[in-house]
Amino acid sequence: MVDVSAPTARVPLPLLSALSRSKAALGAMSAALRLELAAWNIPVIVVEPGSTATDIFAKAEKNAGAALALADPQQVARYARHLAAAAKAQAALRPAPPDAAARTVLKALRSANPRRHYVVPGDARLAGVLQRLPAGLRETLIARTLGLAKIGAQS
């Protein structure tokens, strides 16, 4: 069994909390299933690609735009600078082609003794580095990188 996760399971990102939460839950489920299925020698593998050239973020942006159009304008104004910073950071990403993730899934499936966790070559490896940093330093680096460090609360 192969579950496809994301680096946000290990290093949650602001404005991607729903993705971070769902991928962290997937990781917990995979770990539990690995133990449950061990008696039948059924491996449970987590493959973690980084940013991948798919339609997911374009779809999310479209849905977010529709949700923002229906939201209270004062609430939207509170997040305007955060959303602009996130959009700028998203535009700077250089997503990998989907075949990089597909090759990793195939590698895991073809292995006689698969590892529990595979990180797809690319920006997902950065999560491993960030994960080992002290939480305060990690959060400061993430906030600065995403352009959120200098944005104060807006009322």
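The first residue of the sequence shown is numbered 1, and numbering continues consecutively from there. Because only heavy atoms are used, hydrogens play no part in the values below, and waters and symmetry mates are left out as well, while side chains stay in.
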How close do [X] and [Y] get, counting heavy atoms only, and between which atoms?
| X | Y | value |
| --- | --- | --- |
| Pro14 | Leu148 | CG-CD1, 3.5 Å |
| Val11 | Ala127 | CG2-O, 3.4 Å |
| Pro43 | Pro114 | CB-CG, 3.8 Å |
| Pro98 | Ala53 | CG-O, 3.4 Å |
| Ala89 | Leu146 | CB-CD2, 3.6 Å |
| Pro12 | Ile142 | O-CD1, 4.1 Å |

Ile42 atom CD1: more than 12 heavy-atom contacts under 6.0 Å: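 Counting neighbours around CD1 of Ile42, more than 12 heavy atoms of other residues, nucleotides or ligands fall under 6.0 Å, so yes.
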Checking Arg115 against Tyr118: charged group under 6.0 Å from the ring centre and within 45 degrees of the axis?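 Judged by the rule (NZ or CZ under 6.0 Å from the ring centre, within 45° of its axis), Arg115 counts as positioned above Tyr118.
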Keeping the roles fixed (side chain from [X], backbone from [Y]), state whether a donor-acceptor pair exists under 3.5 Å.
| X | Y | value |
| --- | --- | --- |
| Ser111 | Asn113 | yes |
| Arg138 | Gln131 | yes |
| Thr104 | Ala100 | yes |
| Arg81 | Ile151 | no |
| Asp123 | Ser51 | yes |
| Arg132 | Gly128 | yes |

Check ion pair Lys23-Glu48 (N to O, under 4.0 angstrom):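 Salt bridge: no.
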Between [X] and [Y], is there a shared hydrophobic cluster once you connect ILVMFWY residues whose side-chain heavy atoms come closer than 4.5 Å?
| X | Y | result |
| --- | --- | --- |
| Leu93 | Leu13 | no |
| Met29 | Val2 | no |
| Ile56 | Leu16 | yes |

Are side-chain heavy atoms of Val46 and Arg34 found at a separation under 4.5 Å?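 Yes, close enough: below the 4.5 Å cut-off.
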Are the side chains of Val120 and Val105 in contact, using a 4.5 Å heavy-atom criterion?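 The answer is no, as the side chains (C-beta and beyond) never meet within the 4.5 Å cut-off.
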So how far is it from [X] [atom1] to [Y] [atom2], rounded to the nearest 0.5 Å?
| X | Y | atom1 | atom2 | answer |
| --- | --- | --- | --- | --- |
| Ile45 | Met1 | CD1 | CE | 10.0 Å |
| Tyr79 | Leu15 | OH | CG | 7.0 Å |
| Leu130 | Glu139 | CG | CD | 11.0 Å |
| Leu19 | Ser5 | CG | OG | 8.5 Å |
| Leu26 | Asp3 | CG | CG | 4.5 Å |
| Leu35 | Ser30 | CG | OG | 11.0 Å |

Pair Lys62, Asp55 - check side chain to side chain contact (heavy atoms under 4.5 Å, CB included), show working. CA-CA 11 Å; Lys62 179 182 174 188; Asp55 293 336; over 6 Å; no
